[in-house]
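Step one of this worksheet: look at the structure below.
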Amino acid sequence: MAELAPNFPLITILLAFLSAALSLCLPQRVDRVISIVSLSLTVAMSGCVLWRGLVTGEHYTYTVGKFPAPWGNELSFGILEPFLAMMLSAAILMCLVGGVRTLESHAEPRKLHLYYGMANMVCAGVLALCYTNDIFTAYVFMEIGTLASCGILVVKENGKILVASMRYLIFNLVGSGLFLLGVILLYGITGHLLLPQLKESVAAIWASGAYSQPLSMVVTLIASGLALKSGLFPFHIWVIDAHSGTVAGSSGILSGVVFKAHIILLIKLIYQVFGTEMFYACGAANVLLIYGILGMMAGSIEAIRERDFKRMVAASSISQIGYIFMGIGTSPELGVAAACAHILAHACAKPGMFLSCTRLAEGTGTMKLSAQRGAGRRDPVAGICFAVNALSLVGFPGLMGFVSKIVLAQAGVMAGGWRMPAVLIALTVSAVLNGVYLVRTGIQLFLPVQEPVPSEPAPRCDMPFAISAVFFSGASLFFGFFFQTALDLIQTGLALL
Amino acid sequence: MGGGSLNLYAVISVCLFAVGFLMLLLERNLLKKILGMDIMDASMFLLLCSFGYVEGRVAPIVQAGTTADASYYTNPIPSGLILTGIVVSVSISAVLLALVVRIYRRYHSLDLDKIYLYAQEEDD
């Protein structure tokens, strides 16, 4: 198995494409089975690659095709890449499983195979962004992921989601344009596209003092392009409509997985191209830190103002993305580790919250937040799933969100200077703001129902949803209790990058 | 390629990029937005193309009877990247146009602000 494992990253990407093609051709219901089997295999193979990385402790470079570096294409992986790829593909799998009833009730049956095809393409894009060692390949797969994301967004056919998809695409294309311009300028300066060669050239050019302004411009273009695609403040205005308007599974995939893939690429580029010294010296980190803090506040305030249950959950993503960028901007080692931990916490919590809030709203017959009183009592599985994951994002002890926030605070203290008070004050204020809307909603779900009694019948048992609810809540709890394991994996993985 | 002409290409590319970028962001008409995106992509391909071209050299196609000496040829990698980029750009334009067709069939308008208002009213 150890000899075979280096082939698995490429196989998982090809498997996602194959599964997408088969989903488009084969009859209904087979498409779902194929997607679930393919995603399960992807999770298992990513697990094998992770295991290999832990056993050997090496960062492996896999040459794709017959041309070696610096001309050919490569994948590279150690511990962090397969770990995040495994968690993100597991999140896509559980979103597809848990969102199947909602999907079938909102989408035309003849279009379901297109949905599964696009979901597999999203998975291929995410996996490629985790594993690629070539910056132009990253751009191509980023675009594949964007187009496929648009496909899973428009599955629910109404005017609002059409407009939201248009805005989603336009903002993502602006982000891709900035990223591509940065990549082209970087190629013009260095003459390379593979990450190791880029890193050598960038380090030499930065040390020589020549091209420092063009290099700073490249960092700005690439970081702002990826930040725009990740919905960082002030580029967040498209997020709420896009994430709240579609079916629960798509919302979970877009918010919990697609956002994260772009941030993982940014972290890879910081470590494998720019180098932490240059990235933190050129001022880009400070900008990310400031916008991260502003995003934390803006997202929470937006969420507090929302009166729609799903829109509130979507708005909270803006705040959580702010946490991740604040971590990246704070410091190279502990700050980025905290950002990775929060990526994990959010990837577990947010899809669970989207799935459960849709299920709770189906029980009450409305998405109005005020009507959700007692909804958790009527549907305890959905209520508990929402409450556990909301508490994780608030930072309740024993859950993954608590761990990432503690590490963020530690990173802030270690960073010293103006970053320490900025990070600590931001964390405190944001925790209070998060508590205002998430804890309030969590409590409201379990309050006794007052007259009039809701007219909707009690929700019927939904086993696929229950499986994904247990997975997402269990993952938040598991990483909350065994946080040292997760942190060790992240920190060892970052050291290998 | 001489430094002067490379700068000329870079300046033209940046101007075109700015035009496309602003059209994509600020235009209210959806078709103009898509045109803006295409101009933005074309500007980047022009810039990339100019990096690969070396004045006085020929396309890297080795013919019978000629030596396979790299110093005679231009850099083929940017051309390959541009071809990939064009495929991506065309796919994006196709998806955007498909969305525009569906939006126009529903609202009979291409003005994004009006469409946004119609969509809000439809929901209310």
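Sequence lines set the chain letters: A, B, ... in the order given, protein chains first and strands last, and positions in each chain run from 1.
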Among A/I161, A/I144, A/T146, A/L193, single out the residue with the greatest number of heavy-atom pairs under 4.5 Å to chain B.
A/L193

If you count heavy atoms of other groups shown closer than 6.0 angstrom to NZ of A/K111, is the number above 12?
yes

Heavy-atom proximity to chain A below 4.5 Å, by part of B/M44
both

Who among B/L81, B/L96, B/I77, B/I34 has the most heavy-atom pairs with chain A under 4.5 Å?
B/L81

Chain B-proximal positions within residues 164-182 of chain A [heavy-atom distance under 4.5 Å]
A/S165, A/M166, A/R167, A/L169, A/I170, A/L173, A/V174, A/G177, A/L178, A/L180, A/L181

From CD1 (A/I184) to CG (B/L48), nearest 0.5 Å:
4.5 Å

Hey, is OH on A/Y211 packed in by over 12 heavy atoms from elsewhere, all under 6.0 Å?
no

Would one find more than 12 heavy atoms of other residues, nucleotides or ligands at under 6.0 Å from atom OH of A/Y291?
no

Take A/L185 and B/L47 through the side-chain contact (heavy atoms from CB on, under 4.5 Å) test and state the conclusion after the steps.
CA-CA 9 Å; A/L185 288 177; B/L47 183 63; 4.0 Å; yes

With a 4.5 angstrom heavy-atom cut-off, which part of B/R106 approaches chain A: side chain, backbone, both or neither?
side chain

Heavy-atom closest contact (B/R102 atom, A/V154 atom, distance):
NH2-O, 4.2 Å

Under 4.5 Å to a heavy atom of chain A? For B/S91 that would be both

Please test A/Y139 against B/V88 for side-chain contact (heavy atoms from CB on, under 4.5 Å), starting from the C-alpha separation and ending with a verdict.
CA-CA 10 Å; A/Y139 163 72; B/V88 171; 3.8 Å; yes

Under 4.5 Å, counting heavy-atom pairs only, tell me which of B/L30, B/T84, B/V100, B/I92 racks up the most with chain A.
B/I92

